[in-house]
> 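Right, I'll just put the structure down here and ask away after.
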Amino acid sequence: MALLPIIHVPDDVLRQTAQPVQEVTAATRKLLDDMAETMYDAPGIGLAANQVGSLERVIVMDCGPDDSPELWRMINPEIIWESDETSTLEEGCLSIPGHNAEVVRPASVRARYIDIDGKPQEMEADGLLAACIQHEIDHLNGVLFIDHLSRLKKSMIWKKVLKSAR
Ligand code: GNR
Ligand code: NI
């Protein structure tokens, strides 16, 4: 396993669309394992491939309590159902360090994905896990949590980001 450098805004790779994995290989599994190690080290509760400079459609998540971790490794994840009910949760992003904001999203989702054995799976999430999987799939589509904020809130964060990136 290896720790991967985490890429920060305003790097362009965070605005690119990750491409579907055609075949689950040893390289795919290594990328997922390295991403999991990088996520736990950060620490964070999720990580998408764009954030480590890869454009494969893969994510890792662990929203479990420290004494009962639950690692999700997902290939080609997609939301196949979302609730009308929404929920508001404070989000942060390892690629936008130091900036948190409340984001409104569907409260529950159902997702389809390929597991590390190459098998199609479905899962349903609510609470923090639901927010996390939507946040990670957004990354694969080049979308950041600040894109869900009002123009004012987004521009306030973006100004600070550009200032500290100088
Ligand atoms: O560590 C993270 N915390 C978090 C909190 C609420 C909703 C989503 C997240 S994901 C984030 C890690 C990250 O940047 N993943 O892309
Ligand atoms: Ni993020």
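For ligands, and for the atoms within them, numbers begin at 1 and follow the listed sequence. In this chain, numbering begins with 1 at the start of the sequence shown. Because the structure is predicted, anything quoted here is derived from the model rather than measured. For the numbers below, each heavy atom of this structure counts, side chains included, while hydrogens, waters and symmetry mates do not.
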> Just verifying a value: how many Å separate M39 CE and L3 CG, rounded to the nearest 0.5 Å?
12.0 Å
> Of all the atoms in ligand 1, which lie at a distance below 4.0 Å from a heavy atom belonging to E90?
6 (C)
> At a non-hydrogen distance cut-off of under 4.0 Å, which region of M39 contacts ligand 1 (side chain, backbone, both, or neither)?
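None of M39 does.
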> With rounding to the nearest 0.5 Å, note down the distance linking CG in D138 to CG in N50.
10.5 Å
> Using heavy atoms and a threshold below 4.0 Å, how should the contact between H135 and ligand 1 be classified: side chain, backbone, both, or neither?
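Just the side chain.
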> Just go through C63, G46, P43 and tell me whose heavy atom is the nearest to atom 12 (C) of ligand 1.
G46
> If you draw a sphere of radius 2.8 Å around the Ni ion (ligand 2), how many protein N/O/S atoms end up strictly inside it?
3
> Connecting only ILVMFWY residues whose side-chain heavy atoms lie within less than 4.5 Å of each other, what is the rest of V104's hydrophobic cluster?
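Via sub-4.5 Å side-chain contacts, V104 links to none.
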> For Q51, counting its heavy atoms only, list the atoms of ligand 1 lying under 4.0 Å from any of them.
13 (C), 14 (O), 15 (N), 16 (O)
> Hey, is D33 close enough to R29 for a salt bridge, meaning N to O under 4.0 Å?
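Salt bridge between D33 and R29, a charged N being under 4.0 Å from a carboxylate O: no.
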> Atom 11 (C) of ligand 1: which protein heavy atom is closest, and how many Å away?
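Nearest neighbour among protein heavy atoms for atom 11 (C) of ligand 1, to 0.1 Å: G92 O, 3.5 Å.
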> Give the residue, atom name and distance (to 0.1 Å) of the protein heavy atom nearest atom 15 (N) of ligand 1.
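Residue, atom and distance for the closest contact: E136 OE2, 2.7 Å.
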> If you have a sec, work out which protein heavy atom is nearest atom 2 (C) of ligand 1 and how many Å separate them, to one decimal?
I45 CG1, 3.6 Å
> Please determine if L94 has a nitrogen or oxygen closer than 3.5 Å to a nitrogen or oxygen of ligand 1.
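Yes, there is a polar N/O contact under 3.5 Å.
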> Is any side-chain N of the basic residue among R110 and E82 closer than 4.0 Å to the acidic one's carboxylate O?
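Answer for the salt bridge query: no.
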> Please identify which atoms of ligand 1 are closer than 4.0 Å to at least one heavy atom of H139.
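The list of qualifying atoms is 16 (O).
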> Do the side chains of D147 and R15 get close enough for a salt bridge, i.e. N-O under 4.0 angstrom?
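Here D147 pairs with R15 in a salt bridge, since their nearest N and O are under 4.0 Å apart.
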> Could you verify whether a donor N or O on one side chain and an acceptor N or O on the other, from E102 and T88, lie under 3.5 Å apart?
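No donor-acceptor contact under 3.5 Å links the two side chains.
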> I'd like to check which ligand 1 atoms, numbered from 1 as shown, lie under 4.0 Å from a non-hydrogen atom of C93.
14 (O)
> Taking the side chain as every heavy atom from C-beta outward, state whether E78 and R57 have any atom pair closer than 4.5 Å.
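A side-chain contact is absent here, since even the closest heavy-atom pair is not under 4.5 Å.
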> Is the shortest heavy-atom distance from the side chain of W72 to the side chain of D62 under 4.5 Å?
no
> Answer yes or no: does an N/O atom from E91 fall short of 3.5 Å to an N/O atom of ligand 1?
no
> Would a 4.5 Å heavy-atom cut-off, applied to side chains only, mark I75 and V24 as touching?
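The answer is yes; the side chains approach within 4.5 Å.
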> Do H8 and I6 come within less than 4.5 Å of each other through their side chains, counting heavy atoms only?
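The answer is yes, as the side chains (C-beta and beyond) meet within the 4.5 Å cut-off.
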> With heavy atoms of G44 as the reference, note each atom of ligand 1 found under 4.0 Å away.
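Going through ligand 1 atom by atom, the ones under 4.0 Å from G44 are 1 (O).
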> For a 4.5 angstrom cut-off between non-hydrogen side-chain atoms, does V109 reach Q134?
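Side-chain contact under 4.5 Å: yes.
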